[in-house]
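Please read the structure below before turning to the comments.
All values below were derived from every heavy atom in this structure, side-chain atoms included, with hydrogens, water molecules and symmetry-related copies excluded.
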Amino acid sequence: MWRRLRARPSAVAAAAVLTVLVLLALGAPLLAALEGQDATTYHDALIDSARGGMPTGAYGGISADHWLGVEPGTGRDLFVRLLHGAQISLLVALGATAVQVLTGVTIGLAAGFGSRLLDTVLSRLTDVMVALPMLVLGVALTAVVPAGFPRPLLLIIVIGLLNWGGTARVVRAQTLSLKKLDHVAAARLAGWRPARVARRELLPALAAPVITYAAILVPTNIVAEASLSFLGIGVKPPTASWGQMLSTATTWFRADPLYVLLPAACLFATVLAFTVLGDAVRAALDPRERSRLRVGTRDGSRGTPAAPAGRIPKGAAA
Amino acid sequence: MTGTLVEVTDLAVTFPAGDDPAGRAGVRAVDGISFSLAPGRALGIVGESGSGKSTVAAALLDLHRGTGARVEGTVRVDGHDVLAAPEAELRRLRGGTAAMIFQDPLSALDPYHAIGDQIAEVHRVHRPDASRRTARARAVAALDRVGIADAARRARSRPHEFSGGMRQRALLAMALACEPRLLIADEPTTALDVTVQAQILDLLHELRTETGTGLILVTHDLGVVAGGVDEVLVMRAGRAVEHGPVGEVLGSPAAPYTRELLAAVPRVDAVRPRPAVPAPRTPGPPAGEPPLLEAVGLRREFGPRRARTTAVDDVSLTVRAGETLGLVGESGSGKTTLGRMLVRLLDPTAGTLRYRGREIGSLGERALRPIRREVQMVFQDPASSLNPRRTIGESVADPLRAAGGQDGPAIVRRARELLERVGLDPDWYHRHPHELSGGQRQRVGIARALAPGPRLLVCDEPVSALDVTTQAQVMELLGELRRELGLSLVFIAHDLAVVRAVSDRVAVMRSGRIVEEGPVDSVYEDPQHPYTQGLLAAVPVLDPQAAADRRVLRAAA
Amino acid sequence: MTGTTGYLLRKLGGALIVLFLLSVLVYLLFYVAPGDPAKLACGPRCNAEQLHQVRGQLGLDEPLLTRYLHFLAGLVTGRDYSTGTGVLHCPAPCFGLSYQNDQPVTALLAARLPVTASLALGSMVLWLLLGVGTGLLSALRRGGTTERVLTVLTLTGTATPVFITGLLLLMLFCATLQWLPFPSYVPLTEDPEQWAWNLLLPWTTLALLESAKYARLTRSSTLETLAEDHIRTFRAYGLPERTVIGRHALRGALPPVIALNAIDLGTMFGGAMLTETLFGLPGIGQLLVHSVRTVDLPVVVGAVLGIGTAVVLANALADVLYALADRRVTLT
């Protein structure tokens with residue numbers, strides 16, 4: 001698999017972008033110290049109250065002290081705030097993906113293995129979860145949670161628990177088709193207990209589709225976090241988040257375009273890199289990928305579909 | 001155009017190499033094939049999988065165009081140089097001069113359009129002056145001609161509303177719609193049951209005698225060509241092995257490979273000197289001792305209450321120690337379901353199942369475990385019956401590990417012994433299934449079934465996915481093991497000849513029930529039930545003269 | 001088609017069960033979860049006596065099941081609320097009254113519907129044209145430069161959240177070029193031209209995101225159909241490539257696209273929260289966001305249930321459309 005991933009320039013580029021991003025997020029305190037700024041100090045001297053709070057100086061107040069300028073209205077250091085945004089984005093997205101995968105695999109396996117009744121109940125539940133617009137429920141839920149609850153954790157739970165349906169479907173379908181394979185029957189005939197048959201014959205074969213699906217979920221979750229923060233119900237100020245910066249930017253885009261472009265570029269690059277990497281992982285793990293290289297053999301000129309129908313994750317946050 | 005209809009000279013087809021699309025020579029699927037066909041004559045192209053026979057058929061219409069395959073040599077069909085023809089000429093040729101019939105009739109038709117419309121559409125492409133109405137009428141007439149009852153109404157049906165045989169008839173109607181001079185049939189009956197196969201082959205023969213169309217029949221089944229063609233071309237690994245009149249090639253083959261192929265074909269009509277003649281080493285079980293396996297009134301239903309279907313209906317049978325019971329039936333007869341109930345992979349809905357006198361039909365998984373060791377199964381598809389992630393040695397060792405009681409090295413030693421016993425190199429222990437051929441994988445499956453030391457082996461279509469020569473080898477292996485280990489066998493198959501070759505007794509299944517049961521020779525020689533009689537009459541035979549006689553008999557029946 | 005009516009009834013029944021489950025879930029989450037609804041309804045300056053009074057008005061001192069049954073009954077028959085000085089009637093289907101301004105939630109939602117519908121239907125036309133067109137083109141031109149360019153474009157489309165696309169479009173067309181007004185909703189009945197002109201940016205923003213998804217689906221679905229055996233049959237019978245693709249490949253490629261579109265349209269009717277918030281359009285999504293910020297629970301519950309209904313019905317519709325479009329699916 002690694003060999004096949006490395007063979008794609010786009011995957012290598014995406015991985016490089018993500019490595020830099022993770023390093024920046026991890027090294028945020030160090031970099032902030034290097035610049036000599038923090039995320040929360042207001043710099044009234046650097047904004048021009050006569051012009052409604054625009055940063056003084058060209059390009060949003062870029063200077064040796066403030067490498068990427070300051071925030072309009074508050075004068076907080078933009079570079080450090082972007083770094084903190086990266087931390088929140090990655091933390092929430094990866095955490096939520098973990099929750100989604102765990103929940104989805106558990107429910108999918110239970111439905112695939114359980115009795116007909118259990119399967120019906122769980123599949124219905126999955127249908128409901130897949131059908132519900134995640135963002136709507138996520139937004140609604142934040143209304144009833146006590147204010148003191150740690151926000152990043154809340155976001156992980158909300159996004160995680162609302163969007164496991166796709167994983168559960170994939171796992172259930174895969175389990176059902178694997179169950180029909182004769183080597184699973186053979187393992188039963190060999191005299192193994194059902195639990196052991198599941199662990200040895202089924203779980204390894206489930207890994208590929210689950211990894212593939214998880215890789216598609218990460219960028220979706222990044223967008224979900226940014227969206228909630230954009231709507232003003234994500235992380236609480238003064239914690240910085242890209243979505244929330246973009247939300248503030250809606251009032252500044254005429255005067256200070258750089259304040260829109262910086263968080264937008266960060267968010268876009270991250271989501272794109274994860275999407276490209278997810279695509280590459282899918283292609284590398286897809287058994288049909290091998291046949292794609294063999295166009296023109298006995299199977300003729302068959303193209304391989306970009307994504308199997310029904311596997312397109314929801315979460316196009318509108 | 002009195003000369004030849006088809007003239008193929010030095011045909012070679014090379015596919016780009018799979019793992020390395022950029023360079024290298026690629027795979028030469030067909031190499032140096034030449035043959036010709038006079039108008040109205042029929043040629044059979046026979047070969048095992050991978051022999052390149054279908055590639056030759058596709059080259060006749062240059063279906064390789066646009067796939068990246070390199071086609072060399074010349075192909076002339078009705079005077080047209082197919083490989084050099086411009087698009088428009090090739091389109092007129094395809095369907096208009098030479099029409100193709102494909103193997104899988106379900107996927108070969110568009111599921112979204114009515115069958116009549118699809119035939120009419122093809123007709124209008126080749127007869128642009130025909131109006132919509134005449135094209136439709138023509139389609140209905142063609143459907144009627146191929147024996148679809150109530151053709152005017154059925155022309156409005158979509159393919160999924162047809163049975164397999166009717167779909168193949170519809171495809172035949174599409175081929176006939178433009179009155180081609182040549183029919184190319186690529187494995188036209190492989191997906192069909194034996195009775196339906198006989199009907200389609202008879203129809204094909206009838207239409208040909210009526211219209212004088214030439215035929216190229218591609219198949220892996222020597223029995224299929226025996227009754228229907230004038231000449232045979234035997235292919236192996238892309239090359240021609242033997243070419244001649246059908247009587248000579250099948251009657252007195254010159255090439256060793258043809259002889260090998262013919263010898264491997266199991267015969268339904270002749271009592272072969274079976275290596276597996278029942279010779280129970282212990283003279284019959286003493287009276288009073290129960291049979292090894294006994295089923296009484298077994299029944300199995302599927303589906304939710306609303307749409308319940310019965311797959312197995314009130315089946316009773318016994319398997320005695322050391323004997324082989326053949327279970328034969330067409331697709332959907334419930335034979336696989338029955339087999340899986342016998343090894344308790346499926347729970348019976350009703351009825352009792354006794355193993356050595358003990359009721360096991362309702363035992364729970366835990367209580368079953370000791371019996372699991374004694375009743376094992378060999379599966380049909382060697383590709384799905386082995387875990388692709390595990391080495392074949394570990395697959396064979398798996399039941400030994402499940403049984404416990406032995407240490408690691410002893411288990412590995414035993415697994416290697418078993419591999420050797422089924423004719424594999426024990427050093428292949430560490431290979432993965434994808435490195436093996438189909439026949440070798442089936443041997444691994446047999447070794448695994450033998451590992452726990454069973455008394456009864458239920459074989460579910462163990463050879464139907466294999467080529468005929470491999471099939472013969474695997475059957476021979478099963479016979480040997482049975483004699484040596486004193487095994488009892490339940491041998492499930494759709495192929496009557498295969499069942500005859502291995503069984504002592506045979507049970508014929510149809511729609512979930514056993515319609516006839518008895519000693520194998522008496523059932524095959526003197527079938528009592530009309531269904532068994534029809535089944536036996538439909539089996540293709542290798543002697544062209546006998547095949548023709550049987551066709552006449554079937555037509556009269 | 002004898003089974004069709006039964007199939008439709010079964011689908012409808014399934015949708016109703018899902019809606020019922022959803023109502024229980026939402027009710028539990030919002031009225032039983034931490035936080036006291038009475039305190040929220042009463043407002044920040046509220047003494048103990050007032051709080052007790054409000055609790056009585058809202059029926060919060062009754063047992064949970066009774067409250068839920070009242071809630072369900074209100075959905076069917078409507079409900080009356082006493083305010084101490086008079087009675088406020090909330091006609092069926094009643095989700096309760098807004099804590100903010102005592103208006104029935106249903107009326108609030110109904111007032112927002114035209115905005116959301118305008119946004120949804122308009123962008124749907126755009127995303128179908130753009131997405132299906134792109135997908136087809138990239139499937140038929142596969143292996144070439146066209147496909148590579150389109151793949152990069154759709155990937156970019158999928159990776160850009162709406163608020164980024166929207167902000168960039170705003171910056172370009174409203175601030176820099178000043179070709180378009182900053183969007184503000186004008187009802188269609190008032191001035192159709194202004195309606196369209198103002199919605200052009202929101203439509204485009206939504207459509208750019210959605211069309212990327214449709215392009216991918218159309219492409220994969222077309223390629224899958226092109227690989228099927230019956231396409232080979234028609235080529236082997238001399239049908240021109242134009243007919244093979246137009247009549248046979250497309251017919252097989254469209255059902256999943258139709259089904260997805262039904263689902264998406266349902267979701268859009270639930271409100272495109274981000275787009276509405278960004279462009280300040282007073283639709284259902286914006287109402288929901290606003291109510292969450294002010295913790296106006298009845299409106300939140302009403303909006304969620306309303307959106308849920310739209311989505312569940314759209315899903316059922318998608319199943320039916322798919323089954324009707326793809327005749328191979330047996331109706332069970």
Checklist entry - Going by residue number, which parts of residues 125-136 of chain B are within reach of chain C, meaning a heavy-atom gap below 4.5 Å? => result B:V125, B:H126

Checklist entry - Is the side chain of B:H113 donor-acceptor paired with the backbone N or O of C:R247 at a distance under 3.5 Å, no angle test? => result yes

Checklist entry - Can any side-chain N or O of C:T233 pair as donor or acceptor with the backbone N or O of B:A108 at less than 3.5 Å? => result yes

Checklist entry - What option among B:L61, B:L109, B:L93 has the most heavy-atom pairs under 4.5 Å with chain C? => result B:L109

Checklist entry - In terms of heavy-atom contacts, does CZ of B:R308 have more than 12 from other residues, nucleotides or ligands at under 6.0 Å? => result yes

Next on the checklist: Just to verify, what does B:R76 make a side-chain hydrogen bond (donor to acceptor under 3.5 Å, both in side chains) with, not counting sequence neighbours?
Outcome noted: none

Checklist outcome for this item: Residues at least two apart in sequence or cross-chain that pass ring pair (Phe, Tyr, Trp, His ring centres under 6.0 Å) with B:H64, listed by chain then number, are B:F15

Checklist outcome for this item: Hits for ring pair (Phe, Tyr, Trp, His ring centres under 6.0 Å) against C:F234, two or more places apart or cross-chain, chain-then-number order -> C:H248

Item to check | Closest non-hydrogen atom pair, C:P255 against B:Y112 | outcome: CG-OH, 4.2 Å

Item to check | Nearest heavy-atom neighbours spanning C:G238 and B:R91 | outcome: O-CD, 3.2 Å

Next on the checklist: For B:F302, is the CZ atom crowded, meaning more than 12 foreign heavy atoms sit under 6.0 Å from it?
Outcome noted: yes

Next on the checklist: Keeping C:Y237 on the side-chain end and B:M100 on the backbone end, is there a donor-acceptor pair under 3.5 Å?
Outcome noted: yes

Checklist entry - chain C heavy atoms under 4.5 Å from B:A175: which part of the residue, side chain, backbone, both or neither? => result both

Checklist outcome for this item: If one checks every heavy atom of B:L63 against chain C at 4.5 Å, the contacting part turns out to be side chain

